[in-house]
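See below for the structure under consideration.
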Amino acid sequence: MDKILKVKNLTKNYKDGADSVNILENLNIDMPENQFLCVLGPSGCGKTTLIRCIAGFEDYDGVVEVSGKETKGPGIDRIMVFQNFDQLFPWKTVEDNIKYPLKINGTKDKEELSKLAKEYLELVGLAGSEKKYPHQLSGGMKQRVSIARGLAVKPKIILMDEPFASLDAITRRNLQRELLKIKEKENVTVVFITHNIQEAMTLGDRLIVLSKSGEIKLDIHNTLQAPINPATEGYGELWKKLSDNLEGNSDLY
Amino acid sequence: MDKILKVKNLTKNYKDGADSVNILENLNIDMPENQFLCVLGPSGCGKTTLIRCIAGFEDYDGVVEVSGKETKGPGIDRIMVFQNFDQLFPWKTVEDNIKYPLKINGTKDKEELSKLAKEYLELVGLAGSEKKYPHQLSGGMKQRVSIARGLAVKPKIILMDEPFASLDAITRRNLQRELLKIKEKENVTVVFITHNIQEAMTLGDRLIVLSKSGEIKLDIHNTLQAPINPATEGYGELWKKLSDNLEGNSDLY
Amino acid sequence: MKQARIQLVFVASFLLLWQITYKFGIFPQIMFPSIGDISNSFLEGFIEDGLLAYTLYSLSLIFKGMLIGIVLAFAFSSLAIISETFYSIYNFMVSVCDLIPGVALLPLAILWFGINETTVIFIVVHSIIWPMSRNIIDGFNSVNNVYIESGKNYGLTGINLVKDVYLPASFNNVLSGLKVGWARAWRGLISVEMIFGTTSSGAGIGWYIFMKRTNIDTAGVFAALLVIIIIGIIIEYLIFGTIEKHTVKKWGMVR
Amino acid sequence: MKQARIQLVFVASFLLLWQITYKFGIFPQIMFPSIGDISNSFLEGFIEDGLLAYTLYSLSLIFKGMLIGIVLAFAFSSLAIISETFYSIYNFMVSVCDLIPGVALLPLAILWFGINETTVIFIVVHSIIWPMSRNIIDGFNSVNNVYIESGKNYGLTGINLVKDVYLPASFNNVLSGLKVGWARAWRGLISVEMIFGTTSSGAGIGWYIFMKRTNIDTAGVFAALLVIIIIGIIIEYLIFGTIEKHTVKKWGMVR
Amino acid sequence: GSDEKTETEGKYTVKIAMQYGLSYAPLKVVMEQKLIEKNCDNVEVEWVTLNSGTAITEALASGDLDFGAMGVAPAVTAVNAGVPVKIASNISAQPQKLMTNDPNIKSINDITDEQIALVTIGSIQHITLAMAAKEYLGDAHALDNNITAMSHPDGMTSLLTGAIPMQLTSSPYIYKEMDEGMTEVKEISDIWPDGKSFIVMLGTNKIYEDNPEVYEGVTEALAEAIDYINNNKEESAEMLCEQEDVTKEVMLDWLNYPGSIYSKETTGVLSMATFMINEGFIKGDVPESLDELAFDNVEGN
Ligand SMILES: Nc1ncnc2c1ncn2[C@@H]1O[C@H](COP(=O)(O)OP(=O)(O)OP(=O)(O)O)[C@@H](O)[C@H]1O
Ligand SMILES: Nc1ncnc2c1ncn2[C@@H]1O[C@H](COP(=O)(O)OP(=O)(O)OP(=O)(O)O)[C@@H](O)[C@H]1O
Ligand SMILES: [Mg+2]
Ligand SMILES: [Mg+2]
């Protein structure tokens, strides 16, 4: 199977002063279609930077290819769910935030749009908040609408930056499950940043750990058998491996 | 010991439309000094709203008392660490963001200020980022600076809204530990919102679970013996109790 | 509304103070008429002097000027956001052109357009396009990056990005620009009407003020200013107020 | 810098176009002098006609006017943020006063201050205080709540909150306001100098333009405008550009 | 604004406003030669140059000015409106002509709806046009709708560039326009022939009554200056050419033109006032004698 996403020799420097350093240096990642890649790494190591480069929001050295073609800037084939709470358009209702990208990408039928908005809002547990404006939502609600907006356009690749960080355990688990379902059904390729090792193990079929200085410290396939939970065979070892590779030592959590 | 914080009959309605509902209704919470209260609850249930009322940023019905005196608006006695990433002043460097509240609250000595800024930045693992502006930080780094800023002023009460949500496991664990140390040393009272049950159990000596509709569903003292980890006696039961009271059912996590 | 009450009290105090100043003869009465005189002039103006026609004529010019000014300011500011090259040029033009007083351009305008409405409208447009562009461009430049990136991510480019993201995201600045532009339009128009008037093709309220001033009819001047103020208040609170309520306020973008 | 290069090309093309227009006699030469004529007038102006003195005088008035205008606009806008009552009044005043053309206020200014520098400065202040206040107030109103809440949380109130939070947080709008104000100050001053005249303490560049026009010395008029433009560019790119670079741009608040 | 002026160190500050242009030449001479200071010991003079009669009138009414020079028509308007001022002296007469670039317009009767540029309504140009209209067309307001208000230079360029067919203006513009081949519509100069008052000096009642010495000092200085110009054209031209930004030769030409008459005696003021009131240009009662418009010292009609 061909690679849908190729990151070749990616080097990123924000060039924001004389002493600015390379955040990422010569990074290489290949992803086949329908892979679910989880990226772990200490705070400030460059995870967000990496997917911003993939999404096309940053200048960088190196090449990012989608389906064999070099990308130039952002595109609807790689949808980003930002780490930022305030990524929804504040001038649009929750519903319209979801409908709008669909509309500009070809779904003109009003009923179809309403149906889709409803469907994805239900998916993230927000049926009933259609008419609210983003400033009327809680942090976690904003995050969920953003996820719904991103999923609704059915991108080839979805780039998610700690999308579940502000969600309670139950909502998070439900969304994890839904995300996996969608991934299979729609054949999406996912790059997913998380700080939660367990989440990474549950979701990813490939796991990357970045070091403090932005290098790939670990890049492995998740061979655990679904459904993955602490009782799954090999869970403990994998957990330990990831945890050990995360900078520093862990004796708790 | 007298109560340092009393929330009496707190009712909050955002009054943003004809069909606006009470987010919180007749809530009562008393906290003695030096208590560490963890608040759990599903996304959108009113946790942020609750501590915003305590902090004095919202209009509400009912009374919030600090050391027996009714509060009127915000005050330096109750420091809030917001859920928002962008709570740092973008026009100040990381260092100045920490120094500034100290300066306006009486610490005039330059060296003293630098020493304090350095100390708290080291605490949150950000030594070396003193001269950066907030827009040059990663999400987790911003969160950590905000925590440092809040702790540095040594408030009587600190209100923390998912402060560790965007931190990796190791940084999070370190900060949890430091927070507990500071709490003991400075005799701070903490209200701490989290979605992480384990975190709540590790940190809180009191645990509150809010229901979807903002009622107090559970309000218990954490009687586990420190150091608390999954092997601690009673850990499993407490975990199950909290988890069961969080709206919905949990069979995973 | 509490606001309206405060404003009413303020206006009433102002009028009272004015009348007291008048009564005590602090200023020569020929230059400082009483409230009564001004009211009389106001009524007389409408009943006898055709003040309504002057007002309507000025309003028609203002609306034409505003329309052209708004369209051009948006078109150019949008272009400036789309193209960096154009940005360099337009930003430069705004800084330069905004400095040139309308009076100084009048001869050129007459040369280009002749002596007619177009010349007046040209000066009005010149009064508003630059400050409005300044507000719009600066507003566009300060739009939160995440909205622009979201927009681009979902496939918006060029004019669509401007229309659907830059514009609503900086709507507060745009409204400021419109308010400043609206005031500038009035001031520009009145100034030009006062130095360049014609009785044949229609005359505006600036001309009316000029006539009253020439005839040392101070009450008449104030009556005409009153007309401008009343129109201004209506536009401010009815039009701009309503727009604000249904946009930036509803969106939680301003207090 | 790429920007500067583009702007240079633009200016060069503009000059070329001007010269071509001139050469082909599209407009009567009495109204449309050549670049050479304008340059000559420019040099002559400084060497023989004391253009420098006129310019400096105008600049001194502008700086006085700007200073007063800025101080007042900030003082009142700050008060408006601190006190809701004052907000209702001041917002109302800004909307109303901004509509009143300086020329129409001239009689009152003469009455209050007599014919002297103060009257001119008064008109300049009137030109800038309202649009600047508009930008400042609207900027203050759109400051992100979390900054204000942080500020209040750390014990800031009243003027300190304005100075340390509102002001830097809305600095982009404030800069817009200053730019618009600066341009308005020039235009206001030139207009008042042109339609009003000189005072006993000196004559400014607007008066210079008036004299040149009266003598149908179009090249002289353009030379004086050139002076204004050059000063404008210096202020824009040196002063405002530098301020922007070291504030809003450094802070990541604008692109 | 008048309070802070008056006596400083026993000196009275007299504040005088003039306008820009050839017609104000005598005041320039007074200023250059410090004639007022020569006439009165205890006087300091503050000169201001404004460019609208209206602003001067307003300053007179406010008490900021003691004297102000302006066209006859605005002067009459001011006195008639009740501003506490009267004419203190005549200053000059200037030729004014209705110039056209349209060879088909030879007489006022040829004018239909063509626009006429003149400096402003209520100006002497406006009133003379109305007088001609009354005389030749039978209605003082017959041409009111043809008027476009424009400053002299703007009007001139508009005329020369063909933007407007006619302009009613005065010297030196008429000379420049004649040089460019513009022709004259005769009747205007007939109705207000050379020599009739053009610019007059207004003084406040206050200075006339409270400070007669100063008042006299100023009017006498003006008379001296007028004499000086009439007798020393060469020197005057030298003195004035810089102000007007022309060569001395040109200035001398202008001063020597038959219509440029400097005199302290008013001519036609009463008739103009009568006309303005009768034809409704200003409201009020027709003055019975010049005394209602001018102080005692003024001679003429
Ligand atoms: N400014 C506001 N205006 C109107 N409604 C609001 C506002 N802020 C919050 N709400 C509503 O109040 C409810 C509680 O919000 P709150 O932010 O307190 O939730 P939370 O418990 O902090 O959730 P999360 O864990 O997702 O942050 C939500 O239903 C939300 O829609
Ligand atoms: N716009 C920027 N300008 C300059 N430096 C930046 C910028 N954004 C991020 N950085 C720097 O790049 C590094 C990586 O940041 P990034 O946001 O990619 O981290 P992250 O791995 O996503 O961290 P977190 O888990 O805390 O979100 C950090 O050191 C940060 O200071
Ligand atoms: Mg990140
Ligand atoms: Mg919350």
Side-chain angles (χ1 to χ4, degrees), chain C residues 2-4 6-7 10-11 27-28 31-32 84-85 88-89 92-93 95-96 98-104 107-108 111 130-131 134-135 138-139 141-142 145 172-173 175-176 179-180 183-184 186-187 190-191 194-195 206 209 213 218 221 224-225 228-229 231-233 236-237 248 253-255, chain D residues 2-4 6-7 10-11 27-28 31-32 84-85 88-89 92 95-96 98-104 107-108 110-112 130-131 134-135 138-139 141-142 145 172-173 175-176 179-180 183-184 186-187 190-191 194-195 206 209 213 218 221 225 228-229 231-233 236-237 248 253-255:
Chain C
K2 203 183 143 212
Q3 276 224 344
I6 295 169
Q7 285 157 358
F10 172 71
V11 170
F27 297 121
M31 298 286 298
F32 201 92
E84 255 183 74
T85 306
S88 307
I89 295 174
F92 180 81
M93 272 179 70
S95 304
V96 167
D98 201 10
L99 292 169
I100 302 173
V103 233
L108 278 184
L111 181 64
W130 314 118
R134 172 61 58 221
N135 274 302
D138 286 0
N141 269 336
S142 66
N145 250 327
N172 188 47
N173 292 58
L175 272 179
S176 274
K179 285 186 210 164
V180 170
R184 292 298 322 131
W186 264 114
R187 287 172 73 158
I190 307 275
S191 307
M194 282 178 82
I195 52 171
I209 293 178
R213 217 183 136 200
T218 316
V221 173
L225 288 182
I228 297 176
I229 290 173
I231 295 173
I233 294 175
E236 165 77 19
Y237 288 86
V248 284
M253 283 162 80
V254 302
R255 266 166 302 281
Chain D
K2 202 182 144 212
Q3 276 221 346
I6 294 169
Q7 284 158 358
F10 173 70
V11 170
F27 297 122
M31 301 228 26
F32 204 91
E84 252 182 78
T85 307
S88 308
I89 294 174
F92 180 81
S95 306
V96 167
D98 200 11
L99 293 170
I100 301 173
V103 235
L108 276 184
I110 292 173
L111 180 64
W112 290 330
W130 313 118
R134 172 60 58 221
N135 273 303
D138 285 0
N141 270 335
S142 66
N145 251 326
N172 187 48
N173 292 58
L175 272 180
S176 275
K179 285 187 211 164
V180 171
R184 292 298 322 132
W186 265 114
R187 285 172 74 157
I190 306 280
S191 307
M194 281 179 80
I195 53 175
I209 294 178
R213 255 174 99 188
T218 315
V221 173
L225 289 181
I228 299 175
I229 289 173
I231 296 173
I233 293 175
E236 166 77 18
Y237 287 86
V248 284
M253 282 162 81
V254 301
R255 264 166 304 278

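Given the structure is predicted, the values throughout are model-derived calculations rather than measurements. Every chain is numbered from 1, with letters handed out A, B, ... down the list of sequences.
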Who among [options] has the most heavy-atom pairs with chain C under 4.5 Å?
| options | answer |
| --- | --- |
| D:Gly232, D:Ser142, D:Gly206 | D:Ser142 |
| D:Ile228, D:Asn145, D:Leu99, D:Val254 | D:Leu99 |
| D:Thr218, D:Val103, D:Ile209 | D:Val103 |
| D:Pro107, D:Pro131, D:Ser191 | D:Pro107 |

Query raised in the report: Is there a side-chain contact between C:Ile233 and D:Ser95, using heavy atoms and a 4.5 Å cut-off?
Result: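 In short, these two side chains do not touch, never coming nearer than 4.5 Å.
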
Query raised in the report: Considering only heavy atoms from C-beta outward, does the side chain of C:Val180 approach that of D:Arg134 to under 4.5 Å?
Result: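 Result yes, sub-4.5 Å side-chain heavy-atom pair found.
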
Enter the distance from [X]:[atom1] to [Y]:[atom2] here, rounded to the nearest 0.5 Å.
| X | Y | atom1 | atom2 | value |
| --- | --- | --- | --- | --- |
| D:Ile89 | D:Glu84 | CD1 | CD | 12.0 Å |
| C:Ile190 | C:Leu225 | CD1 | CG | 8.0 Å |
| C:Thr85 | D:Gln7 | OG1 | CD | 11.0 Å |

Requested in this report: List the steps, then state whether salt bridge (Lys or Arg N to Asp or Glu O under 4.0 Å) holds for C:Asp138 with D:Lys179.
Outcome: CA-CA 10 Å; C:Asp138 286 0; D:Lys179 285 187 211 164; 3.5 Å; yes

Region of [X] in contact with chain D, defined by heavy-atom distances below 4.5 Å:
| X | answer |
| --- | --- |
| C:Met31 | both |
| C:Ile100 | both |
| C:Phe92 | both |
| C:Val11 | side chain |

Query raised in the report: Among C:Trp186, C:Phe10, C:Trp130, which has the most heavy-atom pairs under 4.5 Å with chain D?
Result: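 Option with the top pair count is C:Phe10.
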
Query raised in the report: Looking at C:Leu175, C:Leu108, C:Val221, which has the largest count of heavy-atom pairs under 4.5 Å with chain D?
Result: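 With the most close heavy-atom pairs to chain D, the winner is C:Leu108.
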
Query raised in the report: Taking atom types as modelled, is there a side-chain donor on C:Tyr237 or C:Gln3 under 3.5 Å from an acceptor on the other?
Result: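 Not at all, the side chains of C:Tyr237 and C:Gln3 share no donor-acceptor pair under 3.5 Å.
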
